[in-house]
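Written out below as structure tokens is the structure these notes cover.
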Amino acid sequence: MAKKREKGKSFPPQWQALWAERLIAWHRVAGRRTLPWHTRDPYRIWLSEVMLQQTQVPTVIPYYERFVATWPTVEALAAAPLEAVLAAWSGLGYYARARNLHRAAQQIVRAWGGTWPRDPDAWAQLPGVGRSTAAAICAFAFGTRAAILDGNVERVLVRLFGIATPLPDTAVKRQLWQIAEALLPESPTAMPEYTQAQMDLGALVCTRGIPNCAYCPVAQWCTAYAVGIAAALPQRKARAPVPEIDWTLRAYRCGTRYWWVQRPNQGIWGGLWALPHADEPPPPGSWQRASSEALPAHRLTHRRLRITIEEWTTPAHLCYDCESSTQGRWATAREALAWGLPRPLAAWAETRAVS
DNA sequence: CAGACGTGGCC
DNA sequence: TGGCCAAGTCT
């Protein structure tokens, strides 16, 4: 609809020169300068960026450390069984990231063969790497002049220009990408620190809720600050109410072992091991319901899960030939915990994991 | 393209 | 408490 750029959303040309300088100077004093993935190794940077999608730094650190200890190179990761990768990822959430990471590792080894492209567009071909992640990887690893637009940058820019449009909004998003690119420093050598500085400004100063404008290096340019509405931005569209789902899962128990099945890749907890739903086929044998237990309600972003676990048992003599199959596996709760279970089931398994 | 996709932290 | 959101991407 060829709308003119709204008033107040263009920036004085002199900012172009000062913006990055100001952010970097601030970052030298107040930024996060020693995170574990602050390296030039593209593999580690890529790994960290994927883990950090929608996930905060303190949550990621232990997972990241375990991953690089287990798989120090992209070749090692590519050679690992997907199941081991999912197990190491369990608890971190958004499990499609782990499946994509593993698939991407194999693509990197096969297609790139040890040379890393410096072009974000090449990275963005990989599963699980979008525009912002690709830009971050290339900026950190190679100094490529590419703009990121994550939640931090979005919040900073929306406040800076006093954009009151409720988000998400496609037109605003497009505009923010343009601004982010226009604000890039000229020098590639500045890119790694500049990119980190933007993220840190959003994470440490221009926070959601009440921002710390008193410590903001660019407050003098900030429209929201000038107008006194920084805390009210960004505006958000109302979200649809979160539906509740009731799941009845079955714990078929044979002695101390339970029957586990792998969840379909599409959907909640995709690829992880879990207890089967009540409507899934039972393992061979005759089973009878023994008990039932309601788990504490579990909140996902888009669902509220109420899980009931029914324990089913079978006469002991039928269990002698309990064998795993392509349908599922027999294992104790303790053994299953090592595969990596979804959070609520891990909590349940803990109570069954006799030492 | 709006909705799916986890978990933990914050107030 | 419950709603909101975090270094987003995929379909």
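Note that these values count all heavy atoms, side chains included, but never hydrogens, waters or copies made by symmetry. Residue numbering restarts at 1 for every chain, and letters A, B, ... go by the order of the sequence lines.
Nearest to the side chain of Arg32(A), among dT7(B), dC5(C), dA7(C), sits dA7(C). The side chain of Arg343(A) lies closest to dG8(B), out of dT9(C), dG8(B), dA7(C). The Gln196(A) side chain lies nearest to dA7(C) when the options are dT7(B), dG9(B), dA7(C). Listed candidates were dC4(C), dT7(B), dA7(C). Nearest to the side chain of Thr301(A) is dT7(B).
Here the P atom of nucleotide dC5(B) and the CH2 atom of Trp269(A) are 11 Å apart, to the nearest Å. Look at CD on Glu244(A): it is 10 Å from P on dG2(C), rounded to the nearest Å.
Defined by atom type and a distance below 3.5 Å, a donor-acceptor pair is present between the side-chain atoms of Arg97(A) and Thr55(A). Side-chain atoms of Trp177(A) and Gln175(A) form no donor-acceptor pair, as typed in the model, at a separation below 3.5 Å.
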- Task: With salt bridge (charged side-chain N to carboxylate O under 4.0 Å, His left out) as the test, would you mind laying out the steps for Arg250(A) and Glu293(A) before giving the verdict?
- Result: CA-CA 10 Å; Arg250(A) 287 193 180 164; Glu293(A) 175 188 357; over 6 Å; no

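Across all strands shown, Gly91(A) has heavy atoms under 4.0 Å from sugar-phosphate atoms exclusively, and none from any base. Within the nucleic acid shown, Pro58(A) has no heavy atom closer than 4.0 Å to any nucleic acid atom.
Counting only distance, with no hydrogens or angles, the side chain of Thr351(A) and the backbone of Trp348(A) share a donor-acceptor pair below 3.5 Å.
Along DNA chain B, the nucleotide nearest Thr170(A) and the nucleotide nearest Pro342(A) are compared for position; the residue whose nucleotide lies closer to the 5' end is Thr170(A).
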